[in-house]
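Right, one structure below, let's go through it.
Each chain gets a letter, A, B and so on, in the order the sequences are listed, and its residues count up from 1.
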Number of protein chains: 2
Amino acid sequence: MMKSPGRRSLRHSLADGLRDRVVAGEFAPGDRLPGEPELARSLGVSRSSLRAAIALLEEDGLLRRMHGSGTYVTDRPLLRNDLSRNFGVSSMIAAMGLEPGTVDETCVAEEASAEVAAALGVAEGDAVSALRRVRTAGGRRVVDVTEWCRLDVLAPRAMAAVAGGSIYAALAERGLTVHHGVATITPDVAMGEVARRLAVPRGTLLLTVWQVDSTADDSVALASREHHLADAFEISVYRRGPGGGGEDER
Amino acid sequence: MMKSPGRRSLRHSLADGLRDRVVAGEFAPGDRLPGEPELARSLGVSRSSLRAAIALLEEDGLLRRMHGSGTYVTDRPLLRNDLSRNFGVSSMIAAMGLEPGTVDETCVAEEASAEVAAALGVAEGDAVSALRRVRTAGGRRVVDVTEWCRLDVLAPRAMAAVAGGSIYAALAERGLTVHHGVATITPDVAMGEVARRLAVPRGTLLLTVWQVDSTADDSVALASREHHLADAFEISVYRRGPGGGGEDER
DNA sequence: CCCCTCCAAGTTGTAGGACAACTTCGGTAT
DNA sequence: ATACCGAAGTTGTCCTACAACTTGGAGGGG
């Protein structure tokens with residue numbers, strides 16, 4: 001039938017549409033959705049596709065299906081900062097209702113550290129593009145971000161053109177849409193340059209997020225390190241299982 | 001057709017089976033799986049159910065489907081500690097190849113703090129069951145865990161019977177299988193009692209995980225706070241999107 | 001020999017219908 | 001009032017067919 005939005009797979013478009021309707025409040029938490037046959041008819045798609053879309057949202061924890069009963073909206077209010085979905089610091093800040101900003105932005109070509117080199121698949125010491133900036137929320141410095149790219153992916157000049165915007169958007173314009181990433185979280189304290197950039201005393205508690213982003217074909221597009229002010233915002237994760245990952249649990 | 005394992009929905013059983021075969025190495029990272037029709041026949045299920053199972057694993061980041069080409073195993077090596085799936089500290093420790101242990105275990109009824117009360121849905125100051133213990137990995141103290149329950153869910157006596165085991169198992173025996181949870185992560189430093197229990201100097205960096213676990217019908221079953229030693233193990237998260245959650249990204 | 005085009009086979013994506021398994025709720029008999 | 005039963009509605013699974021897409025190889029032209 002209709003095939004208006006983008007050309008991602010139909011079930012993803014359907015899932016997005018349903019997600020929007022849920023967050024818009026059309027279906028309140030705890031409500032039961034219309035039956036699949038009816039909903040599929042009203043959307044002009046087959047029940048198969050609709051079910052695939054619902055499965056995505058169920059996996060996200062937004063919906064919950066009960067055999068013989070119906071499909072319900074989860075009671076859980078939307079996570080303030082769901083680390084498994086929200087991408088980009090500015091969207092996290094915006095999600096809290098604060099005005100995102102950028103200061104102290106510098107962009108250079110630098111030699112890759114061992115860690116960065118391993119992530120980007122280059123040799124240690126090779127030149128890579130690096131974009132460093134401090135993100136502000138309502139004028140307050142909250143995150144110190146450094147992002148690294150291979151030179152052939154985004155030259156320093158192109159990286160500098162990002163200018164306060166999202167580097168994901170710049171990559172997407174070059175046909176490199178980030179599909180997923182793996183983030184590692186460690187506690188930390190502000191020292192030296194980081195403390196100065198964030199304008200906090202040495203020893204201030206930080207949450208450091210080291211992340212490697214890849215495209216749909218698993219090629220690494222971006223590596224980044226974010227130093228978050230501990231009290232700036234909460235970082236949450238929706239955890240599934242157990243029961244989805246094998247029966248260990250001694 | 002056959003319906004051997006458990007009686008969770010078929011697609012979840014299929015997903016578990018496939019996941020096991022992948023982690024067992026039957027399909028190496030980058031490999032292409034057999035076609036859906038063939039795989040469905042060999043498993044004795046319909047292609048619809050198989051597709052639903054594959055969709056789950058794709059959402060987990062384990063598989064990747066490409067229209068017209070095939071279904072591939074993700075290159076990403078299995079995350080050491082995927083916070084969005086691994087449940088329970090002992091399984092995290094076991095996943096690292098270390099021997100999990102428990103020391104300093106105490107179980108009492110105590111008055112609920114404001115935070116605990118809000119999570120469990122009781123009034124502040126009401127009595128709740130509390131289980132506190134230190135988890136060890138290979139003999140080293142790595143996590144200080146406190147878990148709270150409503151009295152009618154798990155009485156202190158029943159909670160004490162857990163004795164070094166998983167509280168999830170104890171809950172499951174009472175028909176309360178934990179279906180999902182929401183974890184909030186903050187950096188922290190060891191102070192006072194926590195430092196003493198973990199046998200580290202004051203000021204040692206910690207990663208604190210506050211978590212609320214719920215059953216399939218969204219009723220809260222358990223709240224917990226874990227103080228992780230910063231250098232004990234890495235905590236990682238697989239992040240999907242962007243493109244799955246609406247087009248913000250200024 | 002190299003390169004380009006085109007086609008055929010194989011793959012995943014979607015459609016649509018049928019039935020099974022399950023829940024819910026109201027009616028009915030006890 | 002209570003227990004039982006059944007009809008209606010819902011999600012779960014199966015089946016077949018076709019559309020959309022990718023891949024690789026055959027074949028021809030340079």
Inset, instruction - Take the protein atom CG of B:L14 and the nucleotide atom P of D:dG12, then report the distance between them rounded to whole Å. - result: 14 Å
Legend entry - Nearest-nucleotide 5' precedence on DNA chain C, A:S46 against B:E38: B:E38
Legend entry - Below 4.0 Å: OP1/OP2 of D:dT11 and any side-chain N or O of A:T71: yes
Inset, instruction - May I ask you to verify if any side-chain N or O of B:S69 is less than 4.0 angstrom from the OP1 or OP2 atom of C:dG10? - result: no
Inset, instruction - Using whole Å, report how far CZ of A:R11 lies from P of C:dA15. - result: 12 Å
Inset, instruction - Could you check whether B:R64 gets within reach of a base, just the sugar-phosphate, or nothing at all, counting any heavy atom under 4.0 Å? - result: nothing
Legend entry - Distance test, side-chain N/O of A:R51 to OP1/OP2 of D:dT11, below 4.0 Å: no
Inset, instruction - For A:C149 and A:V128, work out which heavy atoms get closest and say how close. - result: O-CB, 3.4 Å
Inset, instruction - Using atom CG of B:D217 as one end and atom P of C:dT24 as the other, report the distance to the nearest whole Å. - result: 11 Å
Inset, instruction - With the side chain of B:S49 defined as its heavy atoms from C-beta on, choose the nearest nucleotide among D:dT13, D:dA19, C:dA20. - result: D:dT13
Legend entry - Within-4.5 Å side-chain heavy-atom neighbours: B:E115 and B:R225: yes
Inset, instruction - Using only side-chain N and O atoms of B:R32, determine if any of them is under 4.0 Å from OP1 or OP2 of C:dG10. - result: no
Legend entry - side-chain hydrogen bond (donor to acceptor under 3.5 Å, both in side chains) assessment of A:Y168 paired with A:D213: CA-CA 10 Å; A:Y168 294 115; A:D213 293 320; 2.7 Å; yes
Legend entry - Atom-pair distance (CE on A:M66; C1' on D:dT11), nearest Å: 11 Å
Legend entry - Pairing of A:E58 and B:R11 as salt bridge, 4.0 angstrom limit: yes
Inset, instruction - Could you check how far NE2 of B:H12 sits from P of D:dT11, rounded to whole Å? - result: 16 Å
Inset, instruction - State, to 0.1 Å, how close B:V153 and B:A221 come at their nearest heavy-atom pair, and which atoms those are. - result: CG1-O, 4.1 Å
Inset, instruction - Could you check how far NE2 of A:H67 sits from P of C:dT24, rounded to whole Å? - result: 12 Å
Legend entry - Touch class at under 4.0 angstrom, heavy-atom based, for A:R41 against every strand present: nothing
Legend entry - Donor/acceptor link under 3.5 angstrom from B:R47 side chain onto base of C:dG13: yes
Legend entry - d(CD, A:E36; C1', C:dC19) in whole Å: 15 Å
Legend entry - A:L10 side-chain proximity, nearest of D:dT13, D:dT11, C:dT14: C:dT14
Inset, instruction - Would you mind telling me which residue lines up with the more 5' stretch of DNA chain C, B:R65 or B:S48, judged by nearest nucleotide? - result: B:R65
Legend entry - Between C:dT12 (C1') and B:L39 (CG): distance, integer Å: 13 Å
